[in-house]
Peer 1: 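Sharing a structure below in structure tokens format, with a few things to ask.
Keep in mind it's a predicted model, so treat the numbers as computed, not measured.
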Amino acid sequence: MKKRILATACLTLTCISFASCADTPEKRLQELDITLAQSNAPVANYVSAVRSGNLIFLAGHLPKRSDGSLVTGKLGRDLATQEGYEAARLTAIALVSTLKSELGDLSKVKRIVKVSGMVNATPDYTEHSKVINGCSDLLVDVFGEQGRHARVACGYVSLPLDAAVEIDLIVEVE
């Protein structure tokens with residue numbers, strides 16, 4: 001019985017190890033039918049990413065559609081929670097695009113450490129976490145367990161350019 005348990009454990013570890021090698025973030029993006037766009041230049045006096053040691057700090061990114069237009073408006077007035085979720089997902093794609101530009105290879109990501117999500121919302125809006133799940137869900141879909149992160153989701157009275165959300169990341173890399 002002990003040999004059978006040990007053999008099963010070894011087989012399981014081998015399969016987990018093989019899956020993580022074969023299933024790269026780039027392959028997951030392809031399976032999700034996501035094409036990363038060229039990273040946009042910042043709209044003010046800052047840089048999109050700063051590396052310090054093995055951490056990359058990504059500046060706040062806004063939700064841009066594939067046609068380049070920005071998702072704007074306040075959650076709880078102009079946009080429903082699901083629309084905010086989609087805006088946060090678009091923002092996550094933009095963040096991953098910047099990360100890819102910085103690293104060249106998304107397999108160098110060891111861990112998404114922290115997501116800070118800002119939601120342009122009315123004072124009575126309370127579903128900030130559901131909105132920022134759009135970003136969190138995409139990061140886990142792309143990076144697997146390495147995409148699980150600490151997070152904050154807060155409401156703001158306004159955001160730059162009337163964006164629906166703004167999100168930044170801290171990422172541990174090789």
Peer 1: So how far is it from Asp141 CG to Leu29 CG, rounded to the nearest 0.5 Å?
Peer 2: 10.0 Å
Peer 1: Considering only heavy atoms from C-beta outward, does the side chain of Leu95 approach that of Val171 to under 4.5 Å?
Peer 2: no
Peer 1: Of all heavy-atom pairs between Leu75 and Gly84, which one has the smallest distance, and what is that distance?
Peer 2: CD1-CA, 3.8 Å
Peer 1: With rounding to the nearest 0.5 Å, note down the distance linking CG in Asp105 to NZ in Lys100.
Peer 2: 6.0 Å
Peer 1: Go through Glu26 and Ser107 one step at a time and tell me if the side chain to side chain contact (heavy atoms under 4.5 Å, CB included) criterion holds.
Peer 2: CA-CA 8 Å; Glu26 276 87 357; Ser107 294; 4.2 Å; yes
Peer 1: Tell me, do Val142 and Leu99 make a side-chain contact under 4.5 Å, heavy atoms counted?
Peer 2: no
Peer 1: Starting at CG of Leu58, measure out to OG1 of Thr98 and round the result to the nearest 0.5 Å.
Peer 2: 6.0 Å
Peer 1: Under the criterion side chain to side chain contact (heavy atoms under 4.5 Å, CB included), I'd like the reasoning laid out for Lys114 against Leu55: C-alpha separation, chi angles, the key distance, then a yes or no.
Peer 2: CA-CA 11 Å; Lys114 182 153 187 206; Leu55 295 177; over 6 Å; no
Peer 1: Going hydrophobic residue to hydrophobic residue with side-chain gaps under 4.5 angstrom, can you get from Ile167 over to Leu159?
Peer 2: no
Peer 1: Would you name the heavy atoms of Leu161 and Leu70 that are closest together and state the gap between them?
Peer 2: CB-CD2, 3.6 Å
Peer 1: Are Arg111 and Asn54 linked by a side-chain donor-acceptor pair shorter than 3.5 Å?
Peer 2: no
Peer 1: Please find the pair of heavy atoms, one from Gly60 and one from Tyr46, that lie closest to each other, and give the distance.
Peer 2: O-OH, 4.4 Å
Peer 1: To the nearest 0.5 Å, tell me how far Lys108 NZ sits from Leu103 CG.
Peer 2: 6.5 Å
Peer 1: Can you measure from CG (Asp33) to OG1 (Thr35) and round to the nearest 0.5 angstrom?
Peer 2: 6.5 Å
Peer 1: Are any non-hydrogen side-chain atoms of Ser129 and Arg151 less than 4.5 angstrom apart?
Peer 2: yes
Peer 1: Are any of the side-chain nitrogens in Arg28 or Asp23 under 4.0 Å away from the carboxylate oxygens of its partner?
Peer 2: yes
Peer 1: Can you confirm whether Arg148 sits close enough to Val140 that some side-chain heavy atom of one is under 4.5 Å from a side-chain heavy atom of the other?
Peer 2: yes
Peer 1: With clusters defined by side-chain heavy atoms of hydrophobic residues (ILVMFWY) lying less than 4.5 Å apart, directly or transitively, does Phe143 cluster with Ile93?
Peer 2: yes
Peer 1: Would you say the side chain of Tyr156 lies within less than 4.5 Å of the side chain of Asn120, judging by non-hydrogen atoms?
Peer 2: no
Peer 1: Quick one: closest heavy-atom pair of Ala92 and Leu138, and the distance?
Peer 2: CB-CD2, 3.5 Å
Peer 1: A side-chain contact here means heavy atoms from C-beta on lying under 4.5 Å apart; do Leu139 and Leu169 qualify?
Peer 2: yes
Peer 1: Are Ile34 and Ile112 co-members of a hydrophobic cluster defined by side-chain heavy atoms under 4.5 Å apart?
Peer 2: yes
Peer 1: Identify the heavy atoms of Ile56 and Ala49 that sit nearest to each other, and give their distance.
Peer 2: CG2-CB, 4.1 Å
Peer 1: Met118, Ile132: one ILVMFWY side-chain cluster at the under-4.5 Å cut-off?
Peer 2: no
Peer 1: Under a 4.5 Å cut-off applied to non-hydrogen side-chain atoms, are Cys154 and His128 in contact?
Peer 2: no
Peer 1: Which atoms form the tightest heavy-atom contact between Asn133 and Tyr85, and what is the distance?
Peer 2: C-CE1, 3.5 Å
Peer 1: Do Glu174 and Lys110 make a side-chain contact, defined as non-hydrogen atoms from C-beta onward lying under 4.5 Å apart?
Peer 2: yes
Peer 1: Do Leu106 and Leu32 land in one hydrophobic cluster if side-chain heavy atoms of ILVMFWY residues count as linked below 4.5 Å?
Peer 2: yes
Peer 1: Is the number of heavy atoms from other residues, nucleotides or ligands within 6.0 Å of CG (Asp67) greater than 12?
Peer 2: yes
Peer 1: Could you go through the side chain to side chain contact (heavy atoms under 4.5 Å, CB included) check for Phe57 and Ile170 one step at a time?
Peer 2: CA-CA 5 Å; Phe57 297 81; Ile170 301 172; 3.7 Å; yes
Peer 1: Side chains of Gln82 and Glu86: do they bring a donor and an acceptor to under 3.5 Å?
Peer 2: yes
Peer 1: Side chain of Arg89, backbone of Thr91: donor and acceptor closer than 3.5 Å?
Peer 2: no
Peer 1: What distance separates Ser97 OG from Lys64 NZ, expressed to the nearest 0.5 Å?
Peer 2: 11.5 Å
